[in-house]
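All values derive from a computational prediction rather than experimental measurement.
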Number of protein chains: 2
Amino acid sequence: MKKGHQVTMKEIAKKLGVSVSTVSRALKDSPELHPDTKKRIVEMAKSMNYQYNLLAQSLRISKSKVLGVIVPELTSHFFSSNISGIQDTAYKRGYNIMICQSNESYEQEKANIKTLVSSQVDGLLISLSRETKNYDHLRELYDREIPFIMFDRVTEEIPVSKVTVDDAHGAYMAVHHLLEQGCRKIAYFSGPEDLYISKKRKEGYLQALKEFGISESESKVYITDLTTEMNRSVTMKMLEDKDRPDAIFAMIDPLAIDIMMVLKEKGIKIPEEIALAGFTNNPTSAVIEPSLTTVSQPGYEMGQIAANHLLDQLDDIVSDEPQSFVLHTTLIPRNSSKKIKSK
Amino acid sequence: MKKGHQVTMKEIAKKLGVSVSTVSRALKDSPELHPDTKKRIVEMAKSMNYQYNLLAQSLRISKSKVLGVIVPELTSHFFSSNISGIQDTAYKRGYNIMICQSNESYEQEKANIKTLVSSQVDGLLISLSRETKNYDHLRELYDREIPFIMFDRVTEEIPVSKVTVDDAHGAYMAVHHLLEQGCRKIAYFSGPEDLYISKKRKEGYLQALKEFGISESESKVYITDLTTEMNRSVTMKMLEDKDRPDAIFAMIDPLAIDIMMVLKEKGIKIPEEIALAGFTNNPTSAVIEPSLTTVSQPGYEMGQIAANHLLDQLDDIVSDEPQSFVLHTTLIPRNSSKKIKSK
DNA sequence: TTGAAAGCGCTAACAG
DNA sequence: CTGTTAGCGCTTTCAA
């Protein structure tokens, strides 16, 4: 299929008997141009249905006005909120975004970076895949001075700006809340241990326990790869443990929901027998029964802040000095944990 | 922030004392080149960390290898599934995607098209906003011979390829199922009436009623703009109607869930007093209580098919003749409608 | 097997 | 106020 012909400045110039640069100036609304000439050109452009060729401009000014975005998966509500924030912000500031998903694969992530760099994006916004344990590809970006920042799934190994939430504090609030409800044997269901958020949220979990005089040796950590399959089997295993927990803090909502399903199937009362709390505040969490106590994470705002900061760096509005943005989370107590009913 | 310098073919050429065209040929693995020269160039490119400049190539060959995608919103699970399918497919076939969201606004949609066209995308995949009632912007695309296809939210006014699901049949199955459960006063909760899917799903609704001897005049259609606010108020209004329905078919799951929330708040038993069915099969629908009967719509596959077809057209693998792909939906009966318990 | 040259559509000195 | 010129990084005839 051949695309229809696109009108160029050259054609407008020829039709009007002026030079291409004059056309370029007119279309850029340059002040150093006779109003009449400008008007004639603008009108002609309109009547010929002229469309700017951003590609040519990008090549010429070596700026594409495109931001590359890499997320582990597009269908997660949290990441799509991020992207939504990024897209709206970029759009407002005259940028387009090019999106890739790593599908949680390290190789894909590397490949994504490569194509986005080839496409001459002006900067990158990256959220790491679960598999990413080696950061050479990021280091290379850094060494090659390609502007990029990380959000949510970040690593401290690379000195670039990062946008995260106060993971540890959020987890702390959730676990503290469970403790307040009278639970004392609280389990932490974690994703892969080397994930930044797994670690951070564990810190908060342990800190809350400590405040209630529970030592790390008394803590119970269950690891899953976050697939529904493993989430379920780990939950089953937990139920058979001799000293069964009376509460669970799950690293992310989808995991909490998988756990909840198993508990319900087994006829275990939530929160009476086992109280439950998650992290993220997915839409499902509010409407599920019992509604899921969770920590809300402002996905859209994270996207906005990340995009704005990167663009500020690109436009030299702020320095290139790496900054860390840590957004606040808020505890949303719901029925999955409320043992003490407020009247 | 200034980007680091990128190595060009010219620099490789100079370093090796060959011409740029030779470098270009070597990097393209052209056969008409001495193996040794090729090897030397490829190695030098690697050692200099050469990165292809897709922008320059695009300008030269007038093909960007980029597809533009416009969806009403990024955070809806259905659309993000579409995008995921599009992205994976495009990636496999060597294309990148540029994404815009119209935020359900007609003006945004027009603006999105404009920037994507300026960016020289090779083709567009569009799902219309709720507000879009005028199709001049699409007609213009069509007249200018810019390849594009529509998916899910389509219009029949423009003769381009479309990817949809069998909306009418899906709705028919859902309503037929409600009828089978013994319900006879079935309401249809619809989105804006001029929306393609509102109409199609209504057709299926009416057809099922007809089969059970219920005429259109006996049908009950409630219209909402699909905001949670209006969804709730329309539901309340319905509850006060003299001849209250004993079942509801909601045009999309999120609407069904809003309705369910109101019914639960009012203490109305689902499905005993009012049975409920939705359309889409959102992740929430499976885990909500009662689980929501719905019609599943293969979002990821739709994205794959749409992208593959557009690329086939671009690559002249198929003709430009508009085709309509209608994907099958399947009924997923769940507890929100099962009055007749199967043992 | 390789190089020279032209040009994709646009911008930006520089000159007038 | 406007035109000329050179060139962004690459591809592709054409010629050698």
Check nucleotides 14-16 of chain C for protein N or O atoms closer than 3.5 Å to its own N or O atoms and list the pairs.
none

Original post:
Taking side chain as C-beta onward, heavy atoms only, is B:Leu141 less than 4.5 Å from B:Val117?
Top reply: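 Touching, per the 4.5 Å side-chain cut-off.
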**OP:** Please state how far atom NZ in B:Lys63 lies from atom C1' in D:dC10, giving the value in whole angstrom units.
**Re:**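 Computing the B:Lys63:NZ to D:dC10:C1' distance gives 15 Å.
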**OP:** May I have the distance from B:Gln6 (atom CD) to D:dG9 (atom P), rounded to whole angstrom?
**Re:**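 Interatomic distance, CD of B:Gln6 to P of D:dG9: 9 Å.
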Subject >> Close residues, residues 112-124 of chain B, relative to DNA chain C [heavy-atom separation under 4.0 Å] >> reply: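 Contacts with DNA chain C under 4.0 Å: none.
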Original post:
Tell me, which of residues 33-43 of chain B have any heavy atom that sits under 4.0 Å from an atom in DNA chain C?
Top reply: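 Hits under 4.0 Å, by residue number: B:Leu33, B:His34, B:Thr37.
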Original post:
Which pairs, with at least one residue in residues 85-99 of chain A and sequence neighbours excluded, count as a salt bridge (charged side-chain N to carboxylate O under 4.0 Å, His left out)?
Top reply: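 Of all non-adjacent pairs touching residues 85-99 of chain A, those that pass salt bridge (charged side-chain N to carboxylate O under 4.0 Å, His left out) are A:Arg93-A:Asp312, A:Arg93-A:Asp315.
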**OP:** Can you tell me which residue pairs pass the salt bridge (charged side-chain N to carboxylate O under 4.0 Å, His left out) test with a partner in residues 128-143 of chain B, sequence neighbours excluded?
**Re:** B:Glu104-B:Arg130, B:Lys133-B:Asp194, B:Asp136-B:Arg139, B:Arg139-B:Glu157, B:Glu140-B:Arg144
Original post:
Near DNA chain D, which residues from residues 8-20 of chain A have a heavy atom under 4.0 Å away?
Top reply: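 The answer is A:Gly17, A:Val18, A:Ser19.
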Indicate whether any N or O donor in one side chain lies under 3.5 Å from an N or O acceptor in the other, for [X] and [Y].
X        : Y        : value
B:Thr132 : B:Ser129 : yes
B:Ser84  : A:Gln101 : yes
B:Ser64  : B:Gln120 : no

Original post:
Quick one: does A:Ser24 reach the base of C:dA12 with a side-chain donor-acceptor pair under 3.5 Å?
Top reply: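 By the distance-only test, no, there is no pair.
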Original post:
Can you tell me if the side-chain N/O atoms of B:Ser21 get under 4.0 Å from OP1 or OP2 in C:dG3?
Top reply: no
